[in-house]
Each structure stands twice: as C-alpha cells, then as structure tokens.
Amino acid sequence: MSTPATSHVDPLFVPIFGESIELLRKVLLTKDAQPFVVAGSGTLGWDMMVNLIERDDEVLVVNTGYFGDHFGECLEVYGAKVTHLRAPIGSRPSLEDLEQVLTGKKYKMVTVTHVDTSTGVLADIKGVAKVVKSISPETIVVVDGVCSVGSEEIRFDEWNIDVVITASQKALGVPPGLGIVVTSQHAMQIFKSRKTPVASYYSNWNKWLPIMNAYEARKPAYFATPAVQLIYALHTSLKQITAQSMDSRFEQHHQVSQKFKNAITELGLKQLAVSDEVAANGMTAIWLPDGVQVSDIVPSLAAKGVQIAGGLHKECAAKYFRIGHMGISVTEPQRGHIDKVIESLATTLKELKSKA
Ligand SMILES: *Cc1c(COP(=O)(O)O)cnc(C)c1O
C-alpha cells in the first residue's frame, strides 16, 4: 500500500483489474455471474441490493444473528418489507420452517447469512437455495458471504445462488476497503426489468456494469475511481487462492477448524454453535468460562501477540469471544498461527483462573 499511487487507467493496472474479475468467478465456481468490485466495505454489498429491490417488495431474511438483523435493516431503508425467520442463538432455522414460510407468502428475495460472524453459525445455503427455487424459481437468493467466501464451500452455479456479497478483508485475505458482489444472470435480468429507477448514485449497477465490462475487456473506463492498490492486493490473493483447487481449500479450512474446535473442547470450553453441522469452518464463537470477562481475556491474549474479538450478539455480547481461523492462517501452516492461538489461550485461561 505504500507504493506510489498508480493511475486507474495505467496500462499495467487494466489487466490486473480485468483478471481479478475473472478470478472471482473461479473462486465462486460460476461461469457467467457478474462480479462488481467497488471501493467500500462488505456493507456496500448490502446497499447494492438497492438495485434489486423496489418499494414494498417482500424479503425474507434467514437470520442467525447480528448480521441478519442489520442486513434486514439495510433493506428496509430501500423500501423492502422484511420478515425475519429466526432461530435460537447458536442454531439456524430449519429447512422445514423455511419451506412453511415460503409456502405461505411470495417473496421477491430471500437472504441468508452464510456465516453469521456474531455466532459462528454456518447456514446451509445449498439447502436454502434448493428449497427457495423449488417453491419459487424467480425468487432471488442472496448470500451474505462476507465471512465465508474463501473459507466455506460455495458452488454458485451448481447450487443456484443469485447473489453473493463479500468483502476484501476476511477469508480473501486482503486489506479492508473493497466491497464485492457477484450476481447471477437471473438477478441481472430482474435488475434490468425493474419498473422504478435505482434510488442510489454510487451503488447503481447501471453505472458500474459498463466499468466492469470494460476492464474485463482490458480497457480502462471511469465512473468513480477504483481503489487501485487494493485491487492489486486482491489480484495477488485471488491468484494464490486459485493456484490450488477450491475443493482442497474448503477441505483445509474444514480440517483446521476441526482441530481448533477439538482443542477448545479439550480446554473445557463450549461453542455457541449447537452442533458440528451448524458450525462455521473459518471462525469459532466460544462461551467464556465462569468468572472470566471479555475485558480480561482480550488484553491477556493481545499481550501474547494474539488478537481476538469479544462477543457481538446483542443478547449475550459480554458472555463470549470469537476467534478467526481463515486464509493464510490455514493455508500456510508454517506460520504456526493456529498452534500459537491454542497455546496462548490455554496459558491465558490458566493465568486468569489462578487469579480468580
Ligand atoms: C464483516 C461482515 C459484514 C460487514 O462487512 P464490513 O466490511 O464490515 O462492512 C457483513 N456480513 C458479515 C457476515 C460479516 O461478517
């Protein structure tokens, strides 16, 4: 990032952007979905749903925590009528519940948080898309994959997904600053046949689509300045990710997650996720043991060089903590990240218990 500024029309940069767009399709296992890469954060992807939503459209949010609540809040800003399908903390709504809700009412869009970073709960996006499409093939299936793209299995075309929203800074392993949305041709058709204008300027796909098409054709174009250095970083990361098969990347994340979760269990700790099946592979949310506070464990681990996060779910934020295990921490075991975190956590818990 500390290199001299590069122009977005620099002949060396143009193919970097163009190839990044192509590589995103490889990461998501899609042939013809349309990527949008725009300066912003993951939240910009939520805002971009303004392109698919018109006033009073019905949207169902398959909700597993904080990020479902807030995605729903965002869609309401653009006039959607949002219904939440919820489950107790640590579990996810069943496909039977989903089927029942969908049979009762027609929804323009169903959103699902693939990994809700507040709970570490993994959604069954394959199952969700299958149920939605079997009842209502037109309904747009939107996956919030901010905490899952690059760490969880996603088969965009095979699973019939319409939109995946993500960001640069989680399992894609790039500094924060890029919002990334990948959209099926089905959703692009719905976008193109909307009746009312898109009520956003910066998020408007009518502005961005020609830009994405131009760079993919290896031609510069301008609507609003792209984050040139971040796109270089994205390109580097996508090249690394696609140097191996996506299947082996998914498997590596699964194995490291199992190892990490076993270590947590051996330390006598419990996860928020109620079963293996609903537990994310890129992170773990863990209940604090009795007598230990977030304000003790976070600085104690930070002093050992390990940065973890406290809780985020509004009903229990003070009672748990979260640890990410994704990207290079998983794919480059020689860094020793995972072992170091397990070791430091064990020492910290011993220290805090002896103080209590
Ligand atoms: C981090 C996150 C977001 C928000 O992304 P920002 O880049 O912080 O705007 C949205 N959804 C999920 C599931 C996330 O983990």
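Index from 1, following the sequence. Worth knowing before you read on, the calculation uses all heavy atoms, side chains too, and leaves out hydrogens, waters and symmetry mates. Counting convention: from 1, in listed order, for ligands and their atoms alike.
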Distance-only donor-acceptor hits, side chain of residues 3-11, under 3.5 Å, sequence neighbours excluded:
| from | atom 1 | to | atom 2 | distance (Å) |
| --- | --- | --- | --- | --- |
| Ser7 | OG | Val9 | N | 3.0 |
| Asp10 | OD1 | Leu12 | N | 2.7 |

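- Using a cut-off of 4.0 Å between Lys/Arg side-chain N and Asp/Glu carboxylate O, Glu58 and Lys106 are scored as not salt-bridged.
- If you look at ligand 1, the protein residues with a non-hydrogen atom under 4.0 Å away are Ser41, Gly42, Thr43, Trp46, Phe67, Thr113, Val115, Thr117, Asp144, Val146, Cys147, Gln169, Lys170.
- Lys26 is linked by a side chain to side chain contact (heavy atoms under 4.5 Å, CB included) to Leu23, Thr242, counting only residues two or more places apart in sequence or in another chain.
- Salt bridge Glu19/Lys239: present, at least one basic N to carboxylate O contact under 4.0 Å.
- Between the CZ atom in Phe13 and the NE2 atom in His235 there is a gap of 10.5 Å [rounded to 0.5 Å].
- Annotation: ring pair (Phe, Tyr, Trp, His ring centres under 6.0 Å) contacts of Phe321 (sequence neighbours excluded): none.
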